[in-house]
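Worksheet: the structure to be examined is printed underneath.
Since this is a predicted model, take the numbers as computed values, not measurements. Counting starts at 1 for both ligands and their atoms, in listed order. These values consider heavy atoms only, across backbone and side chains, with no hydrogens, waters or symmetry-generated copies.
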Amino acid sequence: MEIKEYLKKQAEYINKKINEFIPSGRPEKLFDAMAYSLTAGGKRIRPVLILEAAKAVGKENIDEIVDIAVASEFIHTYSLIHDDLPAMDDDDLRRGKPTCHRVYGEAIAILAGDGLQSYAFEIISKNKAVSPDKLLKVINLLAHGTGIYGMVGGQAADILHEKENSFNDIQFIHTHKTAKFIQSCCQIGAVLADADEKEEEALKNYGFYIGLAFQIWDDILDEIGDEEKLGKKTKKDREKNKLTYPSIYGLEKSKKIAKDYVEKAINEINILKNPEILQEIAKYIISREV
Ligand code: GRG
């Protein structure tokens with residue numbers, strides 16, 4: 001099976017599991033907003049990476065850790081809702097559909113994002129199959145990769161550049177906004193599969209390299225991608241004064257840098273029991289159209 005088809009199948013599995021974890025309650029509008037964004041599509045690459053990293057180290061029983069994979073998508077969804085807000089990217093469309101704040105209003109969209117984030121950690125805390133010390137490590141990795149030393153820090157740096165021109169370090173932005181979350185997903189998979197030190201380090205490095213490649217490719221798609229497929233018709237990053245690889249290095253050099261990161265990622269995980277699917281995912285990242 002081709003990797004694109006395989007990823008589609010895995011995303012369908014994740015979608016089924018996400019549906020099982022969608023919370024309900026009052027006020028209905030808040031819960032509707034969370035469900036709306038959770039079910040609006042997406043590649044589900046972060047949960048897939050958690051599961052594939054675990055499989056690469058030899059874990060077979062994936063069902064017992066899928067809730068943790070689902071939780072990562074709750075966090076990703078929160079970040080997208082907040083990223084689309086008028087105070088941040090001010091986008092009307094996400095994945096081809098009206099953004100959360102466009103449908104539910106800004107206040108509810110902010111709260112839906114907040115709710116998704118805290119509920120993600122609630123889901124993880126309820127896992128019964130993984131030992132408490134391992135769950136603690138998972139929580140630490142996820143909070144670290146998505147919080148002030150990861151995604152939130154990177155997003156702040158990105159916004160400071162866009163709105164004030166006061167932050168000019170693209171490597172910092174890419175590393176923190178995108179790579180650290182992806183890295184933590186790969187490391188979480190390692191922890192959940194009882195990886196030894198070397199295996200965990202390899203997956204950590206793999207995650208970092210594909211995370212950087214992923215963001216560079218995202219910048220490239222923003223320049224040359226099909227708006228219809230990408231599901232957005234708003235201003236390009238370049239027009240928003242965002243720091244992007246193509247704006248600094250040009251398209252060809254950016255592609256070459258992304259390719260080099262992918263090669264590094266592939267080599268890192270040669271020591272694993274089953275590295276093949278992760279290696280295919282690395283290659284897919286710099287060939288994807290969405
Ligand atoms: C608001 C704290 C906060 C963070 C926002 C996710 C994010 C950080 C910003 C979105 C803009 C962007 C280009 C971020 C880089 C990471 C990225 C490429 C996100 C999009 O993730 P995909 O491609 O999206 O996995 P899908 O739709 O497939 O889930």
Side-chain angles (χ1 to χ4, degrees), residues 4 7-8 10-12 14-15 18 36-50 69-70 72-91 93-97 99-101 106 109-110 112-114 116-118 120 142-162 170 172-185 207 210-223 225 229-232 234-238 240 242-247 258 281 284-286 288-290:
K4 199 172 161 188
L7 288 173
K8 205 169 145 216
Q10 295 310 110
E12 278 160 17
I14 298 289
N15 285 341
I18 285 176
Y36 174 78
S37 290
L38 280 171
T39 56
K43 296 180 288 298
R44 313 307 197 194
I45 195 76
R46 293 156 189 81
V48 167
L49 282 170
I50 290 180
V70 164
S72 74
E73 192 67 14
F74 273 49
I75 294 198
H76 173 58
T77 305
Y78 120 68
S79 78
L80 298 180
I81 295 175
H82 282 190
D83 183 64
D84 291 334
L85 288 167
M88 298 214 193
D89 255 11
D90 194 11
D91 277 319
L93 286 180
R94 164 75 61 186
R95 298 161 169 168
K97 293 190 179 146
T99 46
C100 191
H101 68 273
E106 265 183 68
I110 292 169
D114 293 339
L116 284 168
Q117 176 169 215
S118 49
L142 197 54
H144 191 77
T146 61
I148 50 176
Y149 299 111
M151 183 179 70
V152 169
Q155 177 78 349
D158 200 11
I159 289 196
L160 287 171
H161 175 79
E162 186 192 336
I170 193 170
F172 181 97
I173 294 173
H174 278 199
T175 299
H176 289 76
K177 188 173 82 167
T178 310
K180 290 218 166 189
F181 186 6
I182 288 179
Q183 177 181 46
S184 63
C185 290
I210 62 160
L212 286 174
F214 190 86
Q215 180 58 60
I216 296 172
W217 200 254
D218 204 69
D219 286 358
I220 292 172
L221 284 178
D222 189 72
E223 284 284 325
K229 283 187 185 152
L230 291 168
K232 53 181 179 186
T234 42
K235 272 202 223 164
K236 288 189 182 294
D237 287 345
R238 181 172 23 87
K240 289 181 185 166
K242 273 194 190 285
L243 273 180
T244 70
Y245 260 71
S247 69
I281 291 177
Y284 168 75
I285 279 174
I286 55 162
R288 70 196 162 95
E289 294 178 310
V290 288

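Phe181 does not count as a contact of ligand 1, since none of its heavy atoms falls under 4.0 Å from the ligand. For Arg46, the closest heavy-atom approach to ligand 1 falls below 4.0 Å.
A 4.5 Å side-chain heavy-atom check between Gln10 and Arg44 finds every atom pair outside the cut-off. Residues Asp222 and Thr244 are not in side-chain contact: their nearest non-hydrogen atoms beyond the backbone lie 4.5 Å or more apart. Counting heavy atoms from C-beta on, the side chains of Pro86 and His101 come closer than 4.5 Å. With contacts defined as side-chain heavy-atom distances shorter than 4.5 Å, the pair Leu38/Phe74 qualifies.
Under 4.0 angstrom from ligand 1, there are no non-hydrogen atoms of Arg44. With a 4.0 Å cut-off on non-hydrogen atoms, Leu80 touches ligand 1 through its side chain and not its backbone. For Tyr78, every heavy-atom contact with ligand 1 shorter than 4.0 Å involves the side chain, none the backbone. At a 4.0 Å heavy-atom cut-off, ligand 1 touches Lys43 through backbone and side chain alike.
Against a heavy-atom cut-off of under 4.0 Å, Arg95 is close to the following atoms of ligand 1: 26 (P), 27 (O), 29 (O). Each of the atoms 1 (C) of ligand 1 lies under 4.0 Å from some heavy atom of His82. Of all atoms in ligand 1, listed by their number and element, those nearer than 4.0 Å to a heavy atom of Gly42 are 26 (P), 27 (O), 28 (O), 29 (O). The distance from ligand 1 to the heavy atoms of Val152 drops below 4.0 Å at these ligand atoms: 2 (C).
At least one donor-acceptor pair closer than 3.5 Å links the side chain of Trp217 to the backbone N or O of Arg288. Using a distance-only test at 3.5 Å, with no hydrogens or angles considered, a donor-acceptor pair links the side chain of Arg95 to the main chain of Gly41. At least one donor-acceptor pair closer than 3.5 Å links the side chain of Thr99 to the backbone N or O of Asp91. Put simply, the side chain of Ser247 never gets that close to the backbone of Leu243: no donor and acceptor are under 3.5 Å apart.
Between Gln215 and ligand 1, no pair of N/O atoms sits closer than 3.5 Å.
Nearest residue to atom 9 (C) of ligand 1 from Asp218, Thr178, Asp83 is Asp83 (criterion: closest heavy atom). The option from His76, Gln155, Glu73 that lies nearest to atom 24 (O) of ligand 1, judged by heavy atoms, is His76. For the residues Gly154, Gly211, Ser79, the heavy atom positioned nearest atom 7 (C) of ligand 1 is part of Ser79.
Exactly one of Lys242, His176, His174 qualifies for a side chain to side chain donor-acceptor pair (under 3.5 Å) with Asp158. That residue is Lys242.
Ion pairing between a basic and an acidic side chain is recognised when a charged N comes within 4.0 Å of a carboxylate O; Arg94 and Asp83 show such pairing.
Of the protein's non-hydrogen atoms, the one nearest atom 14 (C) of ligand 1 is Lys177 CE, 3.6 Å.
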